[in-house]
Amino acid sequence: MSSTLHTFSTTTQELRDSLRALEQQSAQLELPGLEGREWFEILERKLIPQLSDQIYLVAAVVGGTNIGKSVIFNHLVNQQSSAISPLASQTKHPVCLVPTGFEDRHNLSKVFQGFELIPWSSAEDPLRTDEQHLLFWQECGSLAPNLLVLDTPDIDSDAEVNWERAERIRQSADVLVAVLTQQKYNDAAVKQFFREAAREEKVIITVFNQCQLPEDEEYWPLWLNTFCQETGVNPELVFIAPNDRQAANNLQLPFYRRMFEPTPENSGDSLTAETPDTDSALNLMQVLSELHFDEIKVRTLKGALYYLSNQETGVPAYLREIKTRSQEFLAASQLLSEHELAEIDNWPLVPNTVIVHSIRKWWQEQREGWSAHVHGFYNAIGKGVLWPVRYLHSLTTEEKRPPMEQYREQEWSVVLQTVEGIYDRLTLVSELGNELLTSRLKSLLRGTSREELLKILHQEHAAFDFNGQLEELVDREMTFFKDESPQYYTFLKQLDRVAAVGRPALSVGLFFVGFGAVGDVGTQLVTDTMIQSVVNVTGDVAGGAATTTFGETAVSSTAATGMGYLEAKFRRFHAVFAQKRTEWLATAIREHLLKTLPEELNSAVSLPESEAYQAVQKLTAQLETELKQLQVSL
């Protein structure tokens with residue numbers, strides 16, 4: 001049995017640790033925590049501290065208000081350890097008597113978790129008013145070496161803290177001495193307390209107190225039978241005690257053993273309640289001491305383990321609760337994803353001239369040796385020669401805004417439209433009836449106004465370096481093109497060298513035939529034809545066409561297939577840049593509006609697949625297997 005208890009001890013401690021980890025992760029599900037759940041309290045206060053090879057019993061005197069619990073307790077230990085008063089609800093804190101030297105072998109703080117242990121000094125101690133859960137204890141030399149006996153607060157007190165303390169003792173106890181009276185046997189709070197005790201398979205000894213004898217001999221079996229039917233309790237032993245205040249105060253109250261067998265509700269069977277042949281008073285402490293401690297301990301520990309692993313009341317129910325709640329988050333996540341927050345079909349495109357300029361800049365950086373010197377020299381001459389013309393042109397024409405500034409304005413207009421649409425869709429989704437999503441979205445919509453969000457977005461948008469990102473894109477894409485198609489890149493290098501020979505005539509000739517007067521149209525012509533020579537050369541090679549290069553212009557009879565390929569290459573610049581910009585907006589919307597909502601939903605949905613959840617599930621199944629093996633061995 002010692003090895004069996006050790007096995008259970010190891011399993012339950014691992015289970016407790018995994019449950020704590022799971023509780024921390026499942027906080028996002030907004031479920032009640034582990035504290036306050038009956039099965040977890042049993043794990044913490046009964047199984048963890050008491051699954052050891054040193055068997056001892058915890059016996060607690062429990063019952064309702066003003067029924068003489070302290071009297072019964074004092075008779076059990078044969079001393080006035082708890083104050084006796086005709087006033088109700090006097091005992092506010094439990095009192096525990098322990099065998100001499102017990103605290104040297106055991107940690108009382110672990111046996112009674114959740115209590116602050118204070119050495120007992122007087123019978124008035126448990127009457128103190130204190131918000132802390134106190135437990136007063138003292139040694140008692142007359143106790144069996146492995147028996148602890150407690151007096152407890154009322155389980156039906158108007159003060160919630162009193163019956164909370166009584167419940168904590170019940171969870172720790174093996175034996176409950178249930179004190180009942182004619183007035184309290186059918187009380188709702190009392191019955192609820194003992195229903196839990198019956199489910200946990202506590203050993204219950206019933207003392208029907210304050211009886212009018214012999215008049216109540218024919219009634220107490222009826223009262224007790226009703227109590228048993230309502231709670232599921234099947235008393236191990238039954239005693240009755242007369243209503244004799246003087247004897248109670250003098251520790252001389254007699255207790256009479258009775259034979260009692262409860263009958264199921266509506267069974268029609270007659271009650272079995274008999275008076276033994278020798279109707280003499282018995283010593284309750286002697287009765288307790290003669291119980292089979294090992295059998296009782298194993299029975300109550302087994303009952304606690306069954307309660308812990310019960311499909312309806314234990315860990316499996318908790319796991320189902322998490323899974324059900326997780327499914328609610330899944331429904332919320334699906335509802336949010338089904339209603340796309342933004343559909344943007346009018347995102348602006350970067351002007352072609354800007355892309356061409358970036359490609360030219362990249363290409364210039366690729367030139368080497370003689371070609372680089374020639375092109376660099378004539379680029380400098382070109383800028384100098386054309387400067388007067390450009391200056392005169394600027395005086396006679398209205399100044400145009402830079403292309404990327406125009407693009408910035410167009411993009412901001414789309415951002416405004418998109419944000420407005422996102423708020424409209426979020427408002428719609430928040431009204432679709434999913435409680436989890438509704439509460440979160442209303443909080444987000446209330447906490448971050450459109451004005452605040454747009455202010456943040458505008459600051460980020462105004463500070464963004466469009467040219468820098470475009471140049472990075474061109475560099476990456478063209479470098480990829482260079483690595484992906486080295487033969488095309490080599491051919492471009494050859495064309496570029498040829499272009500260096502023909503360039504002087506073209507540059508000067510364009511100027512003298514009136515390049516300045518043509519203005520932007522001429523510039524656009526040169527840049528457009530340049531991009532054809534740089535980007536579309538793949539079509540020339542692929543189609544096998546002859547190409548004549550004059551300056552920076554490559555005039556080719558390009559094969560249709562090659563043109564399609566290179567056109568796709570060029571369009572990719574637009575698509576990738578637009579993708580980067582929409583990614584910025586999506587990231588900003590998530591960070592400043594949705595915040596952690598998507599992550600919360602996804603994390604909650606995946607919780608049943610988490611390591612902690614799987615560990616709890618595995619350990620619970622292991623516990624059930626060990627319990628079956630224990631049942632077979634018994």
Chemist: Hey, mind stepping through Leu593 and Leu426 against side-chain contact (heavy atoms from CB on, under 4.5 Å) and telling me if it holds?
Modeler: CA-CA 11 Å; Leu593 177 62; Leu426 285 177; 3.6 Å; yes
Chemist: Under a 3.5 Å distance rule, please check whether Ser172 uses its side chain to pair with a backbone N or O of Arg168 as donor and acceptor.
Modeler: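 Yes, the answer is positive, given that a donor and an acceptor are paired below the 3.5 Å cut-off.
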Chemist: Between Phe466 and Phe577, what is the ring plane arrangement, given parallel below 30°, perpendicular above 60°, and tilted in between?
Modeler: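 Rings of Phe466 and Phe577: tilted, as their planes differ by 30° to 60°.
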Chemist: Any side-chain heavy-atom pair from Asp475 and Glu471 closer than 4.5 angstrom?
Modeler: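 In short, these two side chains do not touch, never coming nearer than 4.5 Å.
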Chemist: List the residues meeting side-chain contact (heavy atoms from CB on, under 4.5 Å) with Ala612, not counting sequence neighbours, and say none if there are none.
Modeler: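 side-chain contact (heavy atoms from CB on, under 4.5 Å) check on Ala612 returns Ala21, Leu22, Gln25, Ser610.
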Chemist: Mind checking the NE2-OG1 spacing from His592 to Thr587? Nearest 0.5 Å is all I need.
Modeler: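 The NE2 atom of His592 sits 9.5 Å away from the OG1 atom of Thr587.
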Chemist: Parallel, tilted or perpendicular for Phe115 and His133, by the 30°/60° rule?
Modeler: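 Ring orientation of Phe115 relative to His133: perpendicular.
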Chemist: Within the structure provided, determine whether Tyr306 and Leu627 are in side-chain contact (heavy-atom separation under 4.5 Å).
Modeler: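 When only atoms from C-beta onward are counted, Leu627 and Tyr306 do touch, with a gap below 4.5 Å.
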Chemist: Evaluate the side chain to side chain donor-acceptor pair (under 3.5 Å) criterion for residues Ser603 and Gln28: first the C-alpha distance (whole Å), next the side-chain angles of each, then the deciding distance (0.1 Å), finally the verdict.
Modeler: CA-CA 8 Å; Ser603 177; Gln28 59 193 311; 3.0 Å; yes
Chemist: Apply the test side chain to side chain donor-acceptor pair (under 3.5 Å) to residues Glu167 and Gln171: give CA-CA distance (whole Å), side-chain angles for both, the deciding distance (0.1 Å), then the verdict.
Modeler: CA-CA 6 Å; Glu167 284 191 336; Gln171 291 158 352; 5.2 Å; no
Chemist: Test Ser9 against Gln13 for side chain to side chain donor-acceptor pair (under 3.5 Å), laying out the working first.
Modeler: CA-CA 6 Å; Ser9 177; Gln13 290 188 42; 3.2 Å; yes
Chemist: Can you confirm whether Thr10 sits close enough to Leu51 that some side-chain heavy atom of one is under 4.5 Å from a side-chain heavy atom of the other?
Modeler: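 No - every pair of side-chain heavy atoms lies 4.5 Å or more apart.
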Chemist: Mind checking whether Lys361 and Val474 have side chains closer than 4.5 Å, heavy atoms only?
Modeler: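 No, side chains not in contact.
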Chemist: Just how far is it from atom OG1 of Thr12 to atom CG of Leu305, taken to the nearest 0.5 Å?
Modeler: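 Separation between the atoms: 7.0 Å.
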Chemist: Write out all pairs satisfying ring pair (Phe, Tyr, Trp, His ring centres under 6.0 Å) with one or both partners inside residues 23-50, taking only residues at least two apart or from two chains.
Modeler: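 For residues 23-50: Trp39-Tyr318.
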Chemist: For the residue pair Val315 and Val616, establish whether any side-chain heavy-atom pair is separated by less than 4.5 Å.
Modeler: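 Val315 vs Val616: side chains touch.
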Chemist: I want to check something: taking the side chain as every heavy atom from C-beta on, are Glu41 and Gln113 in contact at a cut-off of under 4.5 Å?
Modeler: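 When only atoms from C-beta onward are counted, Gln113 and Glu41 do not touch, as no gap falls below 4.5 Å.
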Chemist: Would you say Glu611 has more than 12 foreign heavy atoms packed within less than 6.0 Å of its CD?
Modeler: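 Check fails, neighbour count at 12 or below.
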Chemist: Taking atom CD1 of Ile48 and atom CD1 of Ile42, what is their separation to the nearest 0.5 Å?
Modeler: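 Going from the CD1 atom of Ile48 to the CD1 atom of Ile42 covers 12.5 Å.
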Chemist: Using distance alone, with no hydrogens and no angle criterion, decide if Glu626 and Thr11 have a side-chain donor and acceptor under 3.5 Å apart.
Modeler: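 Yes.
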Chemist: Looking at Thr313, is its backbone amide N or carbonyl O close enough to the side chain of Tyr307 to form a donor-acceptor pair, meaning the two atoms are under 3.5 Å apart?
Modeler: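 Here the side-chain-to-backbone pair does not exist.
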Chemist: With sequence neighbours left out, write down each residue that passes side-chain contact (heavy atoms from CB on, under 4.5 Å) with Glu624, or none if nothing qualifies.
Modeler: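 Applying side-chain contact (heavy atoms from CB on, under 4.5 Å) to Glu624 gives Ser309, Gln311, Pro316, Thr620.
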Chemist: Any chance you could lay out the side-chain contact (heavy atoms from CB on, under 4.5 Å) test for Arg20 and Gln24, step after step, and finish with the verdict?
Modeler: CA-CA 6 Å; Arg20 284 298 190 188; Gln24 187 174 4; over 6 Å; no
Chemist: Is the number of heavy atoms from other residues, nucleotides or ligands under 6.0 Å of Gln417 CD greater than 12?
Modeler: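 Atom CD in Gln417 is crowded, with more than 12 foreign heavy atoms closer than 6.0 Å.
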Chemist: Between Arg450 and Glu420, is a salt bridge (charged side-chain N to carboxylate O under 4.0 Å, His left out) present by the stated rule, with each step listed?
Modeler: CA-CA 8 Å; Arg450 285 172 170 82; Glu420 189 68 24; 3.6 Å; yes
Chemist: Show, in sequence, the C-alpha distance, side-chain angles and deciding distance for Glu321 and Arg37, and conclude whether the salt bridge (charged side-chain N to carboxylate O under 4.0 Å, His left out) test is met.
Modeler: CA-CA 13 Å; Glu321 187 178 353; Arg37 295 177 183 266; 3.0 Å; yes
Chemist: Could you tell me whether the side chain of Leu428 reaches within less than 4.5 Å of the side chain of Asp424, counting heavy atoms only?
Modeler: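 SC-SC contact between Asp424 and Leu428 ruled out.
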Chemist: With a 4.5 Å cut-off on side-chain heavy atoms, are Thr479 and Trp362 touching?
Modeler: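 Trp362 vs Thr479: side chains touch.
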Chemist: Please step through salt bridge (charged side-chain N to carboxylate O under 4.0 Å, His left out) for the pair Glu452 and Lys455, ending with a clear verdict.
Modeler: CA-CA 5 Å; Glu452 291 173 339; Lys455 181 179 179 181; over 6 Å; no
Chemist: Determine whether a donor-acceptor pair (N or O, by modelled atom type, separation under 3.5 Å) exists between the side chain of Arg325 and the backbone of Leu29.
Modeler: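 At least one qualifying donor-acceptor pair exists.
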Chemist: Under 6.0 Å from the six-membered ring centre of Phe464 and within 45° of its axis: does the NZ or CZ of Arg581 meet both?
Modeler: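 The answer is yes; both the distance and angle limits are met.
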Chemist: Checking the side chain of Gln410 only, and the main-chain atoms of Pro348 only, is there a donor and an acceptor separated by less than 3.5 Å?
Modeler: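 Pair absent, no side-chain N/O of Gln410 close to backbone of Pro348.
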Chemist: When you look at Arg408 and Glu411, which way does the salt bridge (charged side-chain N to carboxylate O under 4.0 Å, His left out) test go after all the steps?
Modeler: CA-CA 5 Å; Arg408 187 188 298 271; Glu411 186 179 274; over 6 Å; no
Chemist: Would you check if the side chain of Ser326 reaches a backbone N or O of Ala604 as a donor-acceptor pair within less than 3.5 Å?
Modeler: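 Checking the backbone N and O of Ala604 against the side chain of Ser326, a donor-acceptor pair under 3.5 Å is found.
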Chemist: Could you measure the distance from the CD1 atom of Ile422 to the CG atom of Leu453? Nearest 0.5 Å is fine.
Modeler: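 Going from the CD1 atom of Ile422 to the CG atom of Leu453 covers 8.0 Å.
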